Amino acid sequence: MTTMMRDPAIRVRAITKSYKDLHVLRGVDFDVAAGSIFALLGSNGAGKTTLVRILSTLLKANTGTATVHGFDVSSAPGDVRRSISLTGQFAAVDEVLTGRENLVLVAKLRHLKNPGAIADDMLARFSLADAGNRRAATYSGGMRRRLDIAMSLVGNPPVVFLDEPTTGLDPQARIEVWQTVKQLAKDGTTILLTTQYLDEAEQLADRIAILHKGTIIQNGTLAELKQLLPSAKVEYVEKQPTLEDVFLALVGDTSDTVDKAAMSVGGESR
Ligand SMILES: Nc1ncnc2c1ncn2[C@@H]1O[C@H](COP(=O)(O)OP(=O)(O)O)[C@@H](O)[C@H]1O
Ligand SMILES: [Mg+2]
């Protein structure tokens, strides 16, 4: 893998963050290889959004360091911001506008040349060309989320943060968003996504890190994580552990912080 030889697109070292007495991040370390999809998996309240906000310069860590696209988040926040997109941050879909108008608006706000051409390109990339001249209010949940992601990607930032990109979407819409994310990574974008859905991490990620009680308790490929559990022999058929088996074994399925409903594999359960 050539990506392993380049400097990581994201480097996180010993990051801590507390809200008063609540120690949310207790020393988080990981690297994200350039051009890869990295899933940060954790239950509700594990600290995923807190970490994403630190990496996107919206929040300061108490201690530790992080670089994004080679820039230090605390000493070069402007350079970091120019290198990233964060879904939901700049990209608030305006329902009164059409999909195309939303994209043109973002391109203008970013002082890009040919906003109309950029909008058309994005509509095509996100399979929204046919719906481009319809008001966003008429879009399905999946279309709206795709538009939201498209808006955050205007200007082609090399690093993209997707904080729970499919939470609240129905199963069909989730699959549409997954296809979008996969296409983005194929185009060379580095993607850090957070999720509380095991199947989402399983579907999308080159590497999966599990954030639990303030630290990364495991970090590896899906195959590596599955190797943490021995496969069980059931009659004559070898049963491979699922990521769900691995996750529950690691964090303990009686853990008070695990929201069982949210962790169940599947689309709409929250
Ligand atoms: N601004 C804040 N002030 C106090 N507590 C917060 C704040 N933001 C988040 N928290 C708490 O920090 C913990 C982690 O939150 P968050 O990073 O949003 O988790 P996740 O995104 O994994 O669900 C939660 O217990 C949450 O209630
Ligand atoms: Mg969150």
Side-chain angles (χ1 to χ4, degrees), residues 10 12-30 32 37-66 68 73-74 77 80 84-92 141 144-145 148-149 152 159-169 173-174 177-178 181 191-202 204-205 207-219 225 243-244 246-248 250-253 255-270:
I10 302 170
V12 179
R13 290 292 180 274
I15 288 282
T16 70
K17 178 70 187 178
S18 302
Y19 300 109
K20 297 205 173 113
D21 291 341
L22 182 66
H23 304 297
V24 176
L25 303 177
R26 296 163 175 264
V28 172
D29 299 88
F30 60 82
V32 179
I37 304 181
F38 186 89
L40 189 65
L41 183 64
S43 318
N44 223 347
K48 302 180 297 296
T49 297
T50 298
L51 188 61
V52 167
R53 288 175 63 82
I54 290 168
L55 296 178
S56 51
T57 76
L58 299 176
L59 190 66
K60 286 220 177 304
N62 296 131
T63 61
T65 58
V68 175
V73 292
S74 56
V80 171
I84 65 168
S85 83
L86 170 59
T87 309
Q89 187 201 351
F90 310 103
R144 201 174 303 206
R145 195 67 59 96
D148 186 57
I149 294 173
S152 76
V159 179
V160 171
F161 296 106
L162 300 172
D163 192 9
E164 300 207 22
T166 65
T167 293
L169 293 184
R174 299 177 76 214
V177 169
W178 287 351
V181 173
I191 297 166
L192 186 155
L193 70 91
T194 75
T195 186
Q196 47 180 312
Y197 300 125
L198 302 154
D199 58 341
E200 183 154 288
E202 196 154 9
L204 290 179
R207 289 187 79 83
I208 299 165
I210 300 176
L211 178 64
H212 185 63
K213 297 192 171 162
T215 62
I216 301 293
I217 58 168
Q218 282 299 335
N219 176 348
L225 292 182
L243 182 60
E244 184 175 20
V246 177
F247 183 89
L248 292 176
L250 289 171
V251 308
D253 53 7
S255 162
D256 51 353
T257 60
V258 174
D259 176 352
K260 287 255 187 60
M263 295 312 304
S264 72
V265 177
E268 290 174 293
S269 55
R270 286 218 55 198

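Both backbone and side-chain heavy atoms feed into the values below; hydrogens, waters and symmetry mates do not. None of these values were measured; they are calculated from a predicted model. Start at 1 and go down the list; that is how both ligands and their atoms are numbered.
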Give me the nearest non-hydrogen protein atom to [atom] as residue plus atom name, then the distance to 0.1 Å.
atom	value
atom 19 (O) of ligand 1	G47 N, 3.1 Å
atom 17 (O) of ligand 1	T50 OG1, 2.6 Å
atom 1 (N) of ligand 1	Y19 CE2, 3.7 Å

Output the list of atoms in ligand 1 that are nearer than 4.0 Å to some heavy atom of [X], sorted by atom number.
X	value
L22	11 (C), 12 (O), 25 (O)
V24	12 (O), 13 (C), 14 (C)
S43	22 (O)
G45	13 (C), 14 (C), 19 (O), 20 (P), 22 (O), 23 (O), 24 (C)
T49	17 (O), 18 (O), 20 (P), 21 (O)

Exercise. Under 2.8 Å from the Mg ion (ligand 2), is there an N/O/S atom belonging to T50?
Worked result: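 Of the N, O and S atoms in T50, none lies under 2.8 Å from the Mg ion (ligand 2), which means no.
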For this session: Report yes if some N/O of A46 lies less than 3.5 Å from some N/O of ligand 1; otherwise report no.
Result: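 Yes - when backbone and side-chain N and O of A46 are compared with those of ligand 1, one distance drops under 3.5 Å.
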Problem set entry | N44, portion touching ligand 1 at heavy-atom distance under 4.0 Å |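 The part of N44 near ligand 1 is both the backbone and the side chain.
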Problem set entry | F247 side chain reached by L225 side chain, heavy atoms, under 4.5 Å |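 No, their side chains stay 4.5 Å or more apart.
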